[in-house]
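Note sheet for the following structure.
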2 protein chains.
Amino acid sequence: MISGKFAITLHILTLLSKSPDDFLSSEYIAGSMNINPVLVRKEIANLKKHNIVESREGKFGGTRLAKPAVEITLEDIFKMTFETVTLGYCKNDPNPNCPVGKNINESLNALYTDINSQISDKLKGISLLSFSSGF
Amino acid sequence: MISGKFAITLHILTLLSKSPDDFLSSEYIAGSMNINPVLVRKEIANLKKHNIVESREGKFGGTRLAKPAVEITLEDIFKMTFETVTLGYCKNDPNPNCPVGKNINESLNALYTDINSQISDKLKGISLLSFSSGF
DNA sequence: ATTACTGTAATAAAATATATTACAAACTTA
DNA sequence: TAAGTTTGTAATATATTTTATTACAGTAAT
């Protein structure tokens with residue numbers, strides 16, 4: 001199962017970018033995705049840690065972007081919400097007496113590192129503004 | 001959680017490529033990964049379906065490559081074991097009354113399709129032979 | 001016949017993701 | 001200041017997916 005963190009975070013930011021002057025509530029945002037508001041608040045906590053958004057507590061509280069959408073890239077979001085993209089690992093420790101078992105994870109790591117660089121390069125070129133301009 | 005199918009399949013094929021003339025048993029292969037032999041047999045069933053390996057039943061049975069390792073690419077394995085790489089989706093249906101909710105999955109799909117092309121291009125250039133040459 | 005495999009189904013266990021509940025703390029406005 | 005609304009966060013429960021295990025019929029070598 002792959003977590004929806006990236007997609008959820010991107011969805012949140014897209015909504016925020018559409019109303020840059022308003023503080024949107026987690027409940028409102030959750031309604032657009034049909035998920036639980038607590039999940040939204042968790043991702044917002046993460047966004048705040050990275051200074052992408054700012055929140056206001058209390059009545060009429062909510063969250064808004066802390067910087068212009070053109071200065072936020074999908075790579076920023078990727079790095080915040082994903083460890084690394086992989087094609088998976090065999091989850092048990094392989095047999096260290098087997099030359100393949102002993103070394104395959106290193107080779108997989110090298111491969112996956114490459115793949116992540118490619119993805120980062122691609123995402124780096126897409127700003128939140130341009131992503132959300134379609135909506 | 002991401003499934004280990006790609007990594008397991010690649011591990012299997014790497015072992016087979018090291019002993020192209022022998023029929024290796026699922027138990028032997030499983031021992032190198034420290035996983036259950038039934039999982040190995042399942043991935044081998046998949047490989048057989050794609051004519052990458054051939055098996056022999058009965059005593060001294062097992063599996064070997066059905067074609068030279070240089071003719072198998074990591075992309076072949078990728079396509080056999082992965083649907084598509086994604087950075088995730090929000091798993092519930094989004095609110096169709098929200099312009100963002102209504103359209104975001106299409107945009108994510110476009111993005112993920114791009115990412116998969118990149119990954120395919122990269123994997124296409126790596127043969128099983130060259131991958132396993134390090135071991 | 002006996003032994004050692006494959007092939008496959010059915011079930012159980014473990015891991016992870018998501019949902020829900022609960023409530024203190026913060027803040028607004030009347 | 002009291003009432004109402006929202007964030008922030010922890011704790012727990014449910015759902016989903018992955019991996020492991022068990023079981024056994026079928027196949028082939030000796």
Side-chain angles (χ1 to χ4, degrees), chain A residues 1-9 11-12 15-16 19 22-50 52-64 66 81-84 86-94, chain B residues 1-9 11-12 15-16 19 22-50 52-64 66 81-84 86-94:
Chain A
M1 205 185 335
I2 218 170
S3 141
K5 283 167 72 120
F6 174 82
I8 291 171
T9 300
H11 196 136
I12 293 169
L15 288 171
L16 296 181
S19 306
D22 301 324
F23 286 83
L24 303 184
S25 77
S26 61
E27 186 149 10
Y28 171 81
I29 295 170
S32 169
M33 285 181 266
N34 196 23
I35 64 171
N36 196 288
V38 175
L39 282 185
V40 173
R41 301 209 279 267
K42 270 182 190 156
E43 296 316 318
I44 284 174
N46 190 28
L47 285 164
K48 280 170 63 181
K49 205 165 64 190
H50 290 88
I52 307 291
V53 304
E54 58 195 3
S55 293
R56 200 165 57 178
E57 297 190 348
K59 192 169 188 178
F60 301 117
T63 302
R64 70 174 178 189
T81 57
F82 242 87
E83 305 296 322
T84 50
T86 80
L87 308 181
Y89 292 92
C90 179
K91 103 193 230 173
N92 299 333
D93 289 335
Chain B
M1 203 187 334
I2 218 173
S3 142
K5 283 168 72 121
F6 174 82
I8 290 170
T9 300
H11 195 136
I12 292 169
L15 288 171
L16 296 181
S19 306
D22 302 324
F23 286 84
L24 303 185
S25 77
S26 62
E27 186 150 7
Y28 172 80
I29 295 170
S32 169
M33 283 181 267
N34 195 23
I35 65 171
N36 197 285
V38 176
L39 282 185
V40 172
R41 301 208 279 266
K42 270 183 191 155
E43 296 315 319
I44 284 174
N46 190 30
L47 285 164
K48 281 171 62 179
K49 204 166 65 192
H50 290 87
I52 306 292
V53 303
E54 58 196 2
S55 293
R56 201 164 57 179
E57 297 190 347
K59 193 168 184 179
F60 301 118
T63 301
R64 71 176 177 189
T81 56
F82 242 87
E83 306 296 320
T84 49
T86 80
L87 307 182
Y89 291 93
C90 181
K91 103 195 230 166
N92 299 333
D93 289 335

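The analysis underlying the following values was restricted to heavy atoms, covering all of them including side chains, and did not include hydrogens, waters or symmetry mates. For clarity, every value in this text was computed on a predicted model and none was experimentally measured. Each chain gets a letter, A, B and so on, in the order its sequence line appears, and its residues count up from 1.
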- Message: At under 4.0 Å between heavy atoms, how does the protein contact nucleotides 9-14 of chain D? Give one character per nucleotide, 5' to 3', with B, S or -.
- Response: BB----
- How does protein contact run along nucleotides 25-30 of chain C, one letter per nucleotide 5' to 3', with B for base contact, S for sugar-phosphate only, - for none, heavy atoms under 4.0 Å? -BBBS-
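Between A:K5 and B:L24, the residue anchored nearer the 5' end of DNA chain C, judged by the nucleotide with its closest heavy atom, is B:L24. Toward the 5' end of DNA chain C, the nearer of the two residues B:S55 and A:I35, judged by each one's closest nucleotide, is B:S55.
OP1 or OP2 of C:dA19 lies within a sub-4.0 Å distance of a side-chain N or O belonging to B:N92. Look at A:S25 and you won't find any side-chain N or O under 4.0 angstrom from OP1 or OP2 of D:dT6. OP1 or OP2 of D:dT19 has not a single side-chain nitrogen or oxygen of B:N36 nearer than 4.0 Å.
Distance CG (B:L39) to P (C:dA14): 15 Å, rounded to an integer number of Å. One atom, CZ of B:F23, and another, C1' of C:dA4, lie 15 Å apart when rounded to the nearest Å.
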- Working for salt bridge (charged side-chain N to carboxylate O under 4.0 Å, His left out), residues B:E54 and B:R64: CA-CA 6 Å; B:E54 58 196 2; B:R64 71 176 177 189; 2.9 Å; yes
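The side chain of B:S3 lies closest to D:dT19 when the candidates are D:dT19, D:dT6, C:dC5.
Screening B:L24, B:L15, B:L16 for a side chain to side chain contact (heavy atoms under 4.5 Å, CB included) involving B:T63 leaves a single residue, B:L16.
Under the 4.5 Å side-chain criterion, counting only non-hydrogen atoms from C-beta, B:I29 is in contact with B:M33.
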